[in-house]
Amino acid sequence: MNAEAAQLLFSLIEFLGMLAFGLSGLIAAANKRLDVVGAASVSFIAAFGGGTLRDLLLDRRPFFWMEYQGYVWMLLGVTVLAMFVMRGRRIDLTQRAIQIPDALGLGLFAALGTAYALQMGQSGLVASLLGVVTGVFGGVLRDVLCNEIPAVFSDHRPYALCAFAGAWTFVAADGLSTPHWLALLAALSVTAGIRLLALRLDWRVPGWRDAGSSA
Amino acid sequence: MNAEAAQLLFSLIEFLGMLAFGLSGLIAAANKRLDVVGAASVSFIAAFGGGTLRDLLLDRRPFFWMEYQGYVWMLLGVTVLAMFVMRGRRIDLTQRAIQIPDALGLGLFAALGTAYALQMGQSGLVASLLGVVTGVFGGVLRDVLCNEIPAVFSDHRPYALCAFAGAWTFVAADGLSTPHWLALLAALSVTAGIRLLALRLDWRVPGWRDAGSSA
Amino acid sequence: MNAEAAQLLFSLIEFLGMLAFGLSGLIAAANKRLDVVGAASVSFIAAFGGGTLRDLLLDRRPFFWMEYQGYVWMLLGVTVLAMFVMRGRRIDLTQRAIQIPDALGLGLFAALGTAYALQMGQSGLVASLLGVVTGVFGGVLRDVLCNEIPAVFSDHRPYALCAFAGAWTFVAADGLSTPHWLALLAALSVTAGIRLLALRLDWRVPGWRDAGSSA
């Protein structure tokens, strides 16, 4: 693989990841019986919320979705389409079908968020936090708007931690002067790999020990 | 009508719209039994949240409420006053009384939001989205703070869609080099007209079809 | 006391206040049984959310937590530590133990927020609102993420009002050309003093009168 092939791969993953994030918004909207306006809004915010928050925090303009409006049209189209085809059992199917593009998208967006922050002179710690924000805050806003505690905070499955591992991979690779595309690819692989492994092996993030159990 | 008369009309609608948005926050606060601090905060955020979010996204400063502080004082006064007079049956009365100023405010704020975004060089699509955000996100933040799913996403009544229609009216009128005041007036009339018609005729925004009904 | 001693005192209060805000996030996370990622995130947002929102509104960069990263590391450490020691009865103990540092932190952050806004040319009204936002919005975001109505809006205990009193104390002192450190100290004392007095004497913020009671 070289830089150009990697760029093509990243564009594909970006597209698939955005779609997976948007579909996760649609599923949340369907579960809460939102109307089509709510479904489109939650889908939009799930897909673009993380990157927008990162750009607000870094004071970076224009936002991703203002620059590449094809994604906005795509999401509007997907919302309308989903109104007709995504019902009942198909929601479960969709939920399983998006696991892999979602993991890849998480990996790419976390790596890109970290890269942008480092470029703007942030430290590794802040850059990795902004990478994680890029990857997970779309989902956080989606869940807040649906009046749920964000799943990423409460479902005891590694998600933000995978993004964190990928973000630090990028910071380390960048520190070793790895070519940009290779550092992105490494970070993306670490995040997506751990995420998919964690889903397969049913890893759990620890919570608070019960008062009565081991005390 | 001419530009000056229109400006006077817009100032009046701005005042009434802001008041209607603020009162919607007070009603939400009363329904949730918030204290006076919560009522004032939710009222403030319902009135200014949409415009503030738009300005954050467009990187526009100073915010509306920082520039025209009379509105802040007005809302504080209304909150205190409402504590004494707005109870029980009067909440229903208020809810019905604000429908028309709310529709006019939605129309004006969506049109102004679209206009600002176009002025700053955004495309029609992005400008219309920011117009809708200006009109509806005060209410979204109000509902999130009151721990409810935003009504605009879930009540199956056209609200954001009316703002969207008005926003596109402005984009079209602006593209045809219509005088600014006339384009605003057209957009405002489209939004408010559709909104009031929809309330009168009980139009519904489609949601997800039930799994069992037509499948 | 002189300016240097005051600066030392402020650094100490800043540290204690940040810790108290972060711990309030951990307590909320424990009550909702969040996992360790959720606990760290909510703690982080409770501690830094108010200042970050103020800086977003004032367009001030870099954020506090980007500049002084020791606080970020400290909070991550406290979260991990708390996972092991903060259970059951200890949560109640922690809740009571943080009342004083929380009141001091509220006082300092509200005063500093007001000071920054005045420095940037805002009026007394806007500056005092931003001071209150600095002090209370970390807690608001914490509660929204935990799917609760913000306590500061609904628990009928003076909190934002104390910050407001302190903020206006700073505005007044600043108008009288009081030395900066003395104005901060006065504002901080007013906020923390009223807050602790209100807790001791069980003062209540009025809400909506019940429809049936006095009507």
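Throughout, protein chains are lettered first and strands after them, A, B, ... in sequence-line order, and every chain is numbered starting at 1.
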Asker: If you count heavy-atom pairs within less than 4.5 Å of chain A, which of B:Leu125, B:Val132, B:Val205 leads?
Answerer: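 Answer, by heavy-atom pair count under 4.5 Å with chain A: B:Leu125.
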
Asker: Looking at B:Leu16, I'd like to know if its CG atom is crowded, meaning that more than 12 non-hydrogen atoms belonging to other residues, nucleotides or ligands lie closer than 6.0 Å.
Answerer: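 Atom CG in B:Leu16 is packed in, count exceeds 12.
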
Asker: Please tell me whether A:Phe21 and A:Phe48 form a close aromatic pair, meaning their ring centres lie under 6.0 Å apart.
Answerer: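 Ring centres of A:Phe48 and A:Phe21 not closer than 6.0 Å.
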
Asker: So what's closer than 4.5 Å to chain B heavy atoms on A:Val72: side chain, backbone, both or neither?
Answerer: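 Only the side chain of A:Val72 comes within 4.5 Å of chain B.
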
Asker: Heavy atoms under 4.5 Å from chain B: which residues of residues 49-61 of chain A carry them?
Answerer: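 The list, in residue order, reads A:Thr52, A:Leu56, A:Asp59, A:Arg61.
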
Asker: When you look at A:Arg142 and A:Glu148, which way does the salt bridge (charged side-chain N to carboxylate O under 4.0 Å, His left out) test go after all the steps?
Answerer: CA-CA 9 Å; A:Arg142 172 199 68 206; A:Glu148 295 282 348; over 6 Å; no

Asker: Measure from the side-chain N and O atoms of A:Ser43 to the backbone N and O of A:Gly22, and report whether any donor-acceptor pair falls under 3.5 Å.
Answerer: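 Checked: pair present.
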
Asker: Which one of A:Ala40, A:Ser41, A:Pro62 has the most heavy-atom pairs closer than 4.5 Å to chain B?
Answerer: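 Between A:Ala40, A:Ser41, A:Pro62, the count favours A:Ser41.
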
Asker: Residues in side chain to side chain donor-acceptor pair (under 3.5 Å) with A:Tyr71, at least two apart?
Answerer: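 Applying side chain to side chain donor-acceptor pair (under 3.5 Å) to A:Tyr71 gives A:Glu14.
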
Asker: May I ask you to name which of B:Val152, B:Leu161, B:Asn147 has the most heavy-atom pairs under 4.5 Å with chain A?
Answerer: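 Answer, by heavy-atom pair count under 4.5 Å with chain A: B:Asn147.
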
Asker: Quick one: does any side-chain atom of B:Asp143 pair with a main-chain N or O of B:Ala151 as donor and acceptor, under 3.5 Å?
Answerer: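 Confirmed, B:Asp143 side chain pairs with B:Ala151 backbone.
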
Asker: Can you tell me which portion of B:Val140 sits under 4.5 Å from chain A's heavy atoms? Options are side chain, backbone, both or neither.
Answerer: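 The side chain, not the backbone.
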
Asker: Let's go through B:Asp202 and B:Arg157 carefully: what are the C-alpha distance in whole Å and the side-chain angles of both, what is the deciding distance for salt bridge (charged side-chain N to carboxylate O under 4.0 Å, His left out) to 0.1 Å, and is it a yes or a no?
Answerer: CA-CA 8 Å; B:Asp202 204 26; B:Arg157 291 178 180 284; 3.0 Å; yes

Asker: Has the side chain of A:Gln69 got a donor or acceptor atom that lies under 3.5 Å from a matching backbone atom of A:Met66?
Answerer: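 At least one qualifying donor-acceptor pair exists.
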
